[in-house]
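Everything below concerns the one structure shown next.
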Amino acid sequence: MSATRNCLYSLNAELAGTGIYAGALTIASLIARSEVSAAAQAAFESADGPQFPVVDPDYLAEHYWNMYTKRDRVEQFHPESRTPGATA
């Protein structure tokens, strides 16, 4: 993961001023209205398993759009509490 992040930051720096943006949105949630989310939630509920956050894909699209238009960050985490080094 750290090698990928380093590559992303390097690529973003190299592309600065060219009009091309490189960034990443790391998602630590199930995505609502997806087959994987429905299957995972059903499996967890039937086994009294862990609960995972679920995010609406439209909300993720807003994150992507803001990252692309503002270009003020190379990476963003969703949910924020899952950011490496953050305390939950």
Side-chain angles (χ1 to χ4, degrees):
M1 181 77 169
S2 63
T4 302
R5 288 181 72 215
N6 286 337
C7 182
L8 177 64
Y9 274 83
S10 294
L11 181 61
N12 183 277
E14 286 290 324
L15 295 172
T18 66
I20 301 171
Y21 171 74
L25 175 60
T26 301
I27 304 166
S29 305
L30 295 172
I31 300 174
R33 302 189 314 258
S34 71
E35 290 180 28
V36 170
S37 176
Q41 286 181 306
F44 295 147
E45 287 172 9
S46 69
D48 245 2
Q51 298 296 313
F52 285 91
V54 178
V55 63
D56 189 289
D58 296 336
Y59 185 70
L60 295 176
E62 288 179 32
H63 280 309
Y64 278 119
W65 183 250
N66 286 334
M67 289 177 70
Y68 175 73
T69 57
K70 292 180 182 177
R71 299 177 184 217
D72 60 351
R73 60 201 174 277
V74 177
E75 65 181 332
Q76 182 170 334
F77 295 86
H78 180 83
E80 293 274 335
S81 64
R82 302 287 185 184
T83 303
T87 56

Test item: T18 side-chain N/O and L15 main-chain N/O as donor-acceptor pair under 3.5 Å: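 Yes, because the side chain of T18 sits within donor-acceptor range (under 3.5 Å) of the backbone of L15.
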How long is the span from the [atom1] atom in [X] to the [atom2] atom in [Y], to the nearest 0.5 Å?
X: I27; Y: Y59; atom1: CD1; atom2: OH; answer: 12.0 Å
X: M1; Y: T26; atom1: CE; atom2: OG1; answer: 4.5 Å
X: H63; Y: H78; atom1: NE2; atom2: NE2; answer: 5.5 Å

Matching residue for S37 among V54, V55, I31 - test: side chain to side chain contact (heavy atoms under 4.5 Å, CB included):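 The residue from V54, V55, I31 that satisfies side chain to side chain contact (heavy atoms under 4.5 Å, CB included) with S37 turns out to be V54.
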Which pair of non-hydrogen atoms, one from [X] and one from [Y], has the smallest distance, and what is that distance?
X: A43; Y: S46; value: O-OG, 3.1 Å
X: Q41; Y: L30; value: CG-CD1, 3.9 Å
X: A22; Y: N12; value: O-ND2, 2.7 Å
X: P79; Y: A28; value: CD-O, 3.6 Å
X: Y21; Y: R73; value: OH-O, 2.7 Å
X: R33; Y: P57; value: NH2-CG, 3.2 Å

Stepwise side-chain contact (heavy atoms from CB on, under 4.5 Å) check, Y9 with E75: CA-CA 9 Å; Y9 274 83; E75 65 181 332; 3.0 Å; yes
Note, R71 side chain near Y68 side chain (heavy atom, < 4.5 Å):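 Yes, side chains in contact.
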Contact check, side chains of E62 and D56, non-hydrogen atoms, under 4.5 Å: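 Result no, sub-4.5 Å side-chain heavy-atom pair not found.
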